Protein chains: 2
Amino acid sequence: MITNKNCIIRLSRYKNALYRLRESGAVKVFSNNLADAIGVLPSQVRKDFSFVGISGNKRGGYQIDVLIGKLNSILGKDELQKVIVVGAGNIGTALMKYNGFEKEGIKILACFDIDPRKCRRSGKIPVLPLKELKDFVIAHKIKIGVIAVPDSAAQAALDIMIASGISGVLNFAPIALKPQREAVINNVNLELELESVIYFVNARAKTERGSAI
Amino acid sequence: MITNKNCIIRLSRYKNALYRLRESGAVKVFSNNLADAIGVLPSQVRKDFSFVGISGNKRGGYQIDVLIGKLNSILGKDELQKVIVVGAGNIGTALMKYNGFEKEGIKILACFDIDPRKCRRSGKIPVLPLKELKDFVIAHKIKIGVIAVPDSAAQAALDIMIASGISGVLNFAPIALKPQREAVINNVNLELELESVIYFVNARAKTERGSAI
DNA sequence: TAGATTGTTAATCGATTAACAATC
DNA sequence: TAGATTGTTAATCGATTAACAATC
């Protein structure tokens, strides 16, 4: 099994590039085309494919249709991926309104919030009371959830999610979560992402000033 | 100069942990305390400090106050970091409403949108017409910007930003951007982050089914 | 066949971890 | 002094890149 997150993300990028290539009329593709398309080396492409057991034709490259099919299967696009969001705040709402998930076969079935004033049963994606999370997740056999609650509520949210059978979490709370049993947790910390940009810009500015002397 | 983004992110985490330690009354700290606090090895802590020229006292650890000061200086917290956001959609709005930036010395001065209906001069953070971006960025000497516009508008947004003097960008558009001159670009792709969780959950499920046979 | 491309093995690179001499 | 901790050097690890035999 692959454990390299970068590899998975590249597989997604290959797939997106392949859709564009197919639309422009291409039928087959070589590792160097794909490499150019996403900005890596051809050997990286072949290595990634080798990791996940994708093979092409010596000298003949890869059939785009076949390749898209294989990548979709590997990335879990064969079936609809059902997701819930916990926390109907800014980030949670942004995710619910985001249109890009549908075309990727990802469907946010519901959002949950502890604040009854934020709950709305009507609407394309219902916002339900947190209490209902467990039954909902079990009923819909949901495995993936997003945590978009304040820091102080994040661990409790995770505990409920895990207890309900969720085993993969995308976490936006800037806090280290401890799952009660093994789970996939992917942390996205927007503050740190912005801080890292700030650091590198400032560092560059300092270096340039320094070297100008 | 450090080029390792992970290292910078750890420095931020050390700093946050140090604030907590100081609040609980601690005055000095050892590399293993910090390591425990953020979940890395003590040698990683010392290595990171060595990268950025932070030194402590042999046998005496590090003075928390001094250490916080040094980290803040390295991370650019000495001065207010002024940031603009381009795109007043879901993500842009979520960032504007997010309260965590202020305590980190990050201030979103304004948001810009091409759609005049989204513009509001009043309000804590004004939403201004995109046309005004250049003058605003020059007038306020802004170096950092966030791209939160749809894919199709992202490259144009970057071009305007770069032309206005911005040299660091946090980009939420799921597209590869090409800066017209050298710039720091940090891409956050929420879709890929979620897809990677989905992959690892599915992969684990498959492996477990496989190994159960 | 000659030439091009894959798939895999080997080399490189960068980051993390371990080890340990210096020293407080 | 003996013991503990730093700071740095060396070893390890994992991922990326290069090289090349296999082969279409």
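Chain letters run A, B, ... following the sequence lines, proteins first and then strands; every chain starts at 1. Computed from heavy atoms alone, side chains included, the values below leave out hydrogens, waters and symmetry copies. For clarity, every value in this text was computed on a predicted model and none was experimentally measured.
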Completion exercise
From CZ of A:Arg46 across to P of D:dA22 the rounded distance in Å is 16 Å
Practice task
Please report, rounded to the nearest Å, how far the C1' atom of D:dG7 is from the CG atom of B:Asp48.
Solution key: 13 Å
Exercise for the section: Output yes when A:Glu193 and B:Lys5 qualify as a salt bridge under the 4.0 Å nitrogen-oxygen rule, no when they do not. Expected result: yes
Fill in the blank from the handout: Ranking C:dA15, D:dA19, C:dT5 by distance to the side chain of B:Asn4, first place goes to C:dA15
Completion exercise
DNA chain D nearest-nucleotide lookup for A:Ser43 and B:Ser31: closer to the 5′ end is B:Ser31
Exercise for the section: Verify the contact: side-chain N or O of B:Asn6 to OP1 or OP2 of C:dG14, cut-off strictly under 4.0 Å; return yes or no. Expected result: no
Fill in the blank from the handout: Against the side chain of A:Arg59, the closest entry in C:dT16, D:dT16, C:dT5 is C:dT5
Handout entry: Listed nucleotide nearest any side-chain atom of A:Gln44, set D:dT8, C:dC24, D:dT17
Key = D:dT17
Exercise for the section: Give a yes or no on whether A:Ile125 atom CD1 has more than 12 heavy-atom contacts from other residues, nucleotides or ligands under 6.0 Å away. Expected result: yes
Completion exercise
A:Leu11 atom CG is separated from D:dA15 atom P, nearest whole Å, by 14 Å
Handout entry: Whether over 12 other heavy atoms sit under 6.0 Å from B:Lys97 NZ
Key = no
Exercise for the section: Could you check how far CZ of B:Phe51 sits from C1' of D:dT9, rounded to whole Å? Expected result: 13 Å
Handout entry: Nucleotide of D:dG7, C:dA15, C:dG7 approaching B:Thr3 most closely (side-chain heavy atoms)
Key = C:dA15
Problem - B:Lys28 NZ - D:dA4 C1' separation (whole Å) - result: 10 Å
Practice task
Hey, which sits more toward the 5' end of DNA chain C by its nearest nucleotide, B:Leu41 or A:Asn32?
Solution key: A:Asn32
Exercise for the section: Just call it for A:Tyr62: base, sugar-phosphate, or nothing, with non-hydrogen atoms closer than 4.0 Å on any strand. Expected result: sugar-phosphate
Problem - Under 4.0 angstrom between B:Asn57 side-chain N/O and D:dA4 OP1 or OP2 - result: no
Practice task
Assess whether atom CZ of B:Arg10 is packed by more than 12 heavy atoms of other residues, nucleotides or ligands within 6.0 Å.
Solution key: yes
Practice task
Take the protein atom CG of A:Asn33 and the nucleotide atom P of C:dA4, then report the distance between them rounded to whole Å.
Solution key: 15 Å
Fill in the blank from the handout: If pairing means Watson-Crick or G-U wobble with both distances under 3.5 Å, then the partner of C:dG14 is D:dC13
Exercise for the section: Give a yes/no answer on whether the side chain of A:Arg10 brings an N or O atom under 4.0 Å of OP1 or OP2 in D:dT16. Expected result: yes
Exercise for the section: Give the rounded distance in Å between these two atoms: CZ of B:Phe49 and P of D:dT5. Expected result: 15 Å
Handout entry: Euclidean distance, A:Ile160 CD1 relative to A:Ile162 CD1, rounded to 0.5 Å
Key = 11.5 Å
Problem - Separation of atom CD in B:Gln63 from atom P in D:dT5, rounded to whole Å - result: 15 Å
Completion exercise
By the Watson-Crick or G-U definition, both distances under 3.5 Å, D:dA22 is matched with C:dT5
Practice task
Hey, which sits more toward the 5' end of DNA chain D by its nearest nucleotide, B:Lys47 or B:Phe30?
Solution key: B:Phe30
Exercise for the section: Using the side chain to side chain contact (heavy atoms under 4.5 Å, CB included) rule, pick out the option among B:Asp48, B:Leu67, B:Val40, B:Ile64 that qualifies with B:Leu34. Expected result: B:Leu67
